[in-house]
Amino acid sequence: MFTTYLSSSFSLIVILFTSLIFISISSLQTPKHYVVYMGNPIEADVHNSEAYYLQMLDTLLPREESERRKGVHHYKHAFRGFSAMLTEEEAAALSGHDEVVSVFEDPMLQLHTTRSWDFLDSLSGESSSFPIYNSFHGSSDIIIGVVDTGENTITSLTLLNRDSQEIDSRSIWPESPSFSDKGFGEIPSKWKGICMEGPDFNKSSCNRKLIGARYYKSTGATSARDSNGHGTHTASTAAGAHVVEASDRGLARGTAKGGQPGCRIAAYKTCTADGCPGSAMLKAMDDAVHDGVDIISISIGLNAAFKSDYLSDPIAIGAFHAELKGIMVIASAGNDGPIASTVTNVAPWLFTVAASNIDRDFQSSVILGSGKVIRGAGIHFSNSTRPKAYSLVYARNAAAASKPVEDARTCLPGSLDPKKVSGKVIVCVMPRDAVTTKQIIKVVVEDAGARGLILVNQKEKIRASDFGHFPFSEVDMTDGYKILKYMLHTKSPTVTIVPTVEVKPTKPAPVVAFFSSRGPASLTENILKPDVMAPGVLILAALPPPKTAKPSTPKFGLASGTSMSCPHVSGAAAFVKAQRPSWTPSMIKSALMTTAITYDNMRRPVTNTSGLTSTPHETGAGEISPQRAINPGLVFETTTQDYLQYLCYFGYSQKTISKTLNKATKFSCPKKTSKDLISNINYPSISIGNLRRGQRKMIERSVTNVGPERNVTYVAHIEAPEGLVVKVAPKRLVFGENVDKVSYKVWFYGEKSASKRYHHGSLEWSDGYHSVRSVFSVNIN
Ligand SMILES: *[C@@H]1O[C@H](CO)[C@@H](O)[C@H](O)[C@H]1NC(C)=O
Ligand SMILES: *[C@@H]1O[C@H](CO)[C@@H](O)[C@H](O)[C@H]1NC(C)=O
Ligand SMILES: *[C@@H]1O[C@H](CO)[C@@H](O)[C@H](O)[C@H]1NC(C)=O
Ligand SMILES: *[C@@H]1O[C@H](CO)[C@@H](O)[C@H](O)[C@H]1NC(C)=O
């Protein structure tokens with residue numbers, strides 16, 4: 001019966017009335033945590049106030065449920081709304097309210113580090129792959145808000161991934177030397193944030209570098225302290241101070257530093273054991289906007305399988321309002337690669353970051369009894385300086401009685417005969433299904449007493465991962481055969497696994513990380529995502545010290561993930577912003593995109609781990625180059641109007657979109673709207689999700705001259721793939737004293753003979769000094 005009520009337009013009185021009807025029904029339902037999103041804050045403060053939200057809840061919720069009537073979070077700075085425990089009917093009733101844009105169940109977002117989350121206890125060295133940052137000293141007034149992990153163990157995710165450690169990660173470890181404020185000036189006066197206290201965190205835990213910290217009680221946290229990792233790692237990657245002579249056990253001595261050592265950091269801790277509740281993420285972004293941050297760095301996202309639209313995606317909502325206020329939001333693309341269409345955080349107002357390796361790798365070689373050296377991957381610290389030779393056994397020949405040799409070959413639990421393995425180094429073949437290397441090590445050590453493991457990896461490009469003290473080496477198929485051949489032809493084969501060494505420079509680099517999530521974006525293929533790529537494989541950054549050590553003990557570790565690449569871009573954006581303070585987020589984003597590098601350190605196009613030339617669906621515009629981004633020549637400015645038109649084209653109604661805005665903002669959707677028009681918003685890259693063979697499509701863009709010369713002419717250079725004809729007009733862009741913005745048109749024509757798939761290329765504008773590269777991806781079908 002109340003379905004009819006629900007579909008009609010609501011007033012509070014109707015809500016009151018219906019709520020009386022369904023009290024008895026709703027009491028049977030368990031309330032769940034919902035977010036009620038109400039758009040931009042209203043000038044008149046009363047409508048943004050807690051009291052106002054309470055009133056909305058009051059009329060709706062049963063009188064005896066006083067706890068629920070208080071709500072959980074109230075949002076009021078960047079956007080309006082609240083979160084509360086509601087039944088499905090109550091949520092539906094609220095979604096009919098005039099001022100409500102959307103109501104959605106509090107989603108659980110995931111950390112983006114879980115793939116290959118390989119902390120290394122013992123390494124330290126130079127953390128930055130951008131030597132240019134060395135030249136930047138002193139403090140800047142740029143504040144990076146790092147929205148990051150919660151306090152408990154992330155257990156639910158470990159099953160999904162190879163080599164993931166269980167993470168007990170909190171927001172920040174304040175005593176780390178990476179957060180020292182030595183040489184820092186006064187805290188900028190724009191800062192309005194706080195340093196929230198907890199049992200192990202007090203006002204003196206913050207300083208002129210780590211200027212603020214917040215945590216959220218609704219997540220179960222009692223302090224912003226980071227006891228084991230992730231938040232400290234990401235914050236120090238973005239903006240860690242220089243720490244010289246950082247070293248552990250004498251390995252890889254060097255200077256550790258973040259992307260932008262002069263930046264201030266504010267930490268927002270939002271996660272729990274199960275992930276990061278969207279309601280707390282929204283609160284953190286609302287607070288960050290209020291506190292006065294310039295950049296928000298989020299290494300968290302919805303699972304790629306969770307197809308939510310923009311109005312039920314907390315990061316998209318929070319970032320939209322941050323963007324309206326001139327705050328840049330940078331987010332990780334996710335670690336669900338190399339499968340296509342796995343990229344998350346794909347709203348056009350977000351800066352979405354993929355991950356690459358850097359020019360450093362770690363090698364764990366094995367020396368066969370014959371003297372032959374095989375270079376494998378892996379990070380381990382077997383403590384002996386003179387490693388011993390052990391007998392070598394192939395797992396397939398060490399099956400336990402009555403166990404299939406095929407199980408033994410891949411070292412499945414219970415498949416090995418300890419008598420045949422104990423005291424030897426065992427060769428296992430990596431199983432195809434989701435078994436982690438750590439699980440295999442557990443099997444061969446605990447079940448069978450092996451002294452070392454050589455793992456033959458059949459499919460993935462080998463990545464160095466941390467395996468503590470256990471002698472370990474991972475080799476590819478080719479080397480695996482060499483080892484087996486040696487064993488076959490030798491009476492008593494032996495092997496020595498030597499300790500890990502750092503290999504630098506590694507070539508090629510950058511290479512797209514295997515785990516990095518790929519485009520095209522599933523919500524709309526008419527915006528190219530991810531946007532850029534940055535280092536995210538085995539990144540060294542600060543960690544909390546061991547429990548027994550002094551809190552200020554320097555401690556560094558390696559981690560991999562788009563979680564690690566995201567703060568690199570946050571640091572890079574802060575670097576650009578420090579040099580170009582008047583630039584908007586979209587200008588900074590454009591500068592980092594159009595100057596990105598598409599060649600590796602062997603001067604060849606960037607490849608993926610299969611060794612094949614990468615596409616913009618893997619790299620976006622390419623690997624960021626902060627130094628080049630300071631002088632992009634031209635920028636694509638994506639305005640609020642562009643984003644709003646985007647929402648129209650995406651399919652939201654004028655009414656819904658207006659609710660997200662200030663009453664004062666005049667906006668109406670264009671008469672003609674269609675998803676195809678999304679390709680036309682002024683974005684630094686171009687994506688066309690659907691171009692029929694024989695069809696022509698025109699795209700418009702405009703560029704703004706930010707170069708040193710007013711009178712300057714740019715000339716077009718197109719690189720078009722076979723099957724796609726690309727034309728641009730005008731071919732020359734002429735800027736003058738009074739002309740700093742020029743538009744152009746690009747036509748894409750899919751040839752009749754073209755193969756049905758994505759075709760990629762680029763349009764580059766050059767004045768002989770600057771080159772402004774805009775990548776495009778066109779799906780011909
Ligand atoms: C809290 O502050 C006091 C002095 O103000 C200091 O001695 C103590 O170590 C601090 N505790 C923490 C956990 O930072
Ligand atoms: C590398 O790129 C090629 C061509 O786009 C693709 O077929 C292959 O699956 C990619 N490999 C990985 C590991 O992503
Ligand atoms: C290395 O040292 C650790 C701790 O001292 C010890 O537990 C481990 O057994 C040693 N490993 C080897 C291979 O000797
Ligand atoms: C730019 O061109 C205009 C018109 O040709 C000229 O008047 C002006 O002096 C030029 N400015 C510079 C800086 O060269």
Side-chain angles (χ1 to χ4, degrees), residues 115-116 161-163 304 333-344 353-357 361 377 430 432 434 457-465 474 476-478 508-521 525 528-530 533 536-537 560-562 565 598-600 602 604-623 633-634 687 704-714 719 721-724 732-742 754-762 767-770 775-781:
R115 182 112 193 172
S116 185
N161 302 290
R162 287 193 54 201
D163 305 342
N335 302 327
D336 297 309
I339 302 156
S341 304
T342 44
V343 60
T344 63
V353 187
S356 73
N357 71 341
D361 203 356
M430 184 79 196
R432 288 187 187 275
N457 192 329
Q458 318 183 64
K459 61 173 204 267
E460 288 185 23
K461 165 80 177 181
I462 296 161
R463 288 167 292 116
S465 312
E474 189 171 330
D476 63 17
M477 292 286 273
T478 316
V511 169
V512 183
F514 186 83
F515 56 77
S516 188
S517 286
R518 309 301 210 260
E525 298 196 6
L528 186 58
K529 290 282 175 173
M533 188 165 75
V537 176
S560 299
T562 52
S565 59
T598 53
Y599 284 83
D600 62 27
M602 296 169 78
R604 293 196 309 229
V606 169
T607 54
N608 64 20
T609 51
S610 308
L612 295 165
T613 300
S614 60
T615 73
H617 285 152
E618 302 175 293
T619 64
E623 183 91 345
L634 309 176
S687 183
T704 309
N705 180 16
V706 294
E709 306 288 343
R710 310 303 306 149
N711 293 342
V712 60
T713 300
Y714 279 81
E719 280 194 14
E722 211 176 302
L724 186 66
R732 299 160 70 83
L733 304 180
V734 182
F735 297 86
E737 295 280 347
N738 303 313
V739 185
D740 64 355
K741 210 179 198 120
V742 175
S755 52
K756 292 191 174 185
R757 58 173 169 83
Y758 264 101
H759 295 251
H760 311 277
S762 67
D767 65 348
Y769 177 62
H770 304 97
V775 294
F776 55 77
S777 293
V778 178
N779 191 15
I780 299 181
N781 55 36

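Numbering of ligands and ligand atoms starts at 1, following listing order.
H759 pairs by the ring pair (Phe, Tyr, Trp, His ring centres under 6.0 Å) definition with nothing, not counting sequence neighbours. Scored by the side-chain contact (heavy atoms from CB on, under 4.5 Å) test, T613 finds P605 as partners (sequence neighbours excluded). Take N779 and apply the side-chain contact (heavy atoms from CB on, under 4.5 Å) test, not counting sequence neighbours, and it matches E525, Y758, N781.
The distance criterion of under 3.5 Å between nitrogen or oxygen atoms is not met by T615 with respect to ligand 2.
Near E618, meaning under 4.0 Å from any of its heavy atoms, are these atoms of ligand 2: 1 (C), 14 (O). Distances below 4.0 Å separate heavy atoms of T609 from the following atoms of ligand 2: 13 (C). Residue R518 approaches ligand 2 through these ligand atoms, each under 4.0 Å from one of its heavy atoms: 12 (C), 14 (O).
Atom OG of S755 is separated from atom CG of L724 by 10.5 Å, given to the nearest 0.5 angstrom. Distance check, rounded to the nearest 0.5 Å: OG of S614 to CZ of R518 gives 9.0 Å.
Checked by atom type and distance alone, the side chain of N357 pairs as donor or acceptor with a backbone atom of V511 at under 3.5 Å.
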Inventory of protein N or O atoms under 3.5 Å from ligand 4 N or O:
{"unit_1": "ligand 4", "atom_1": "2 (O)", "unit_2": "N711", "atom_2": "OD1", "d": "3.3"}
{"unit_1": "ligand 4", "atom_1": "2 (O)", "unit_2": "N711", "atom_2": "ND2", "d": "2.3"}
{"unit_1": "ligand 4", "atom_1": "11 (N)", "unit_2": "N711", "atom_2": "ND2", "d": "2.9"}
{"unit_1": "ligand 4", "atom_1": "11 (N)", "unit_2": "E737", "atom_2": "OE2", "d": "2.7"}
{"unit_1": "ligand 4", "atom_1": "14 (O)", "unit_2": "N711", "atom_2": "ND2", "d": "3.4"}

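Within the 4.5 Å cutoff, no side-chain heavy atoms of H770 are placed close to those of L634.
For R710, the CZ atom sits in a packed shell: over 12 heavy atoms of surrounding residues, nucleotides or ligands are nearer than 6.0 Å.
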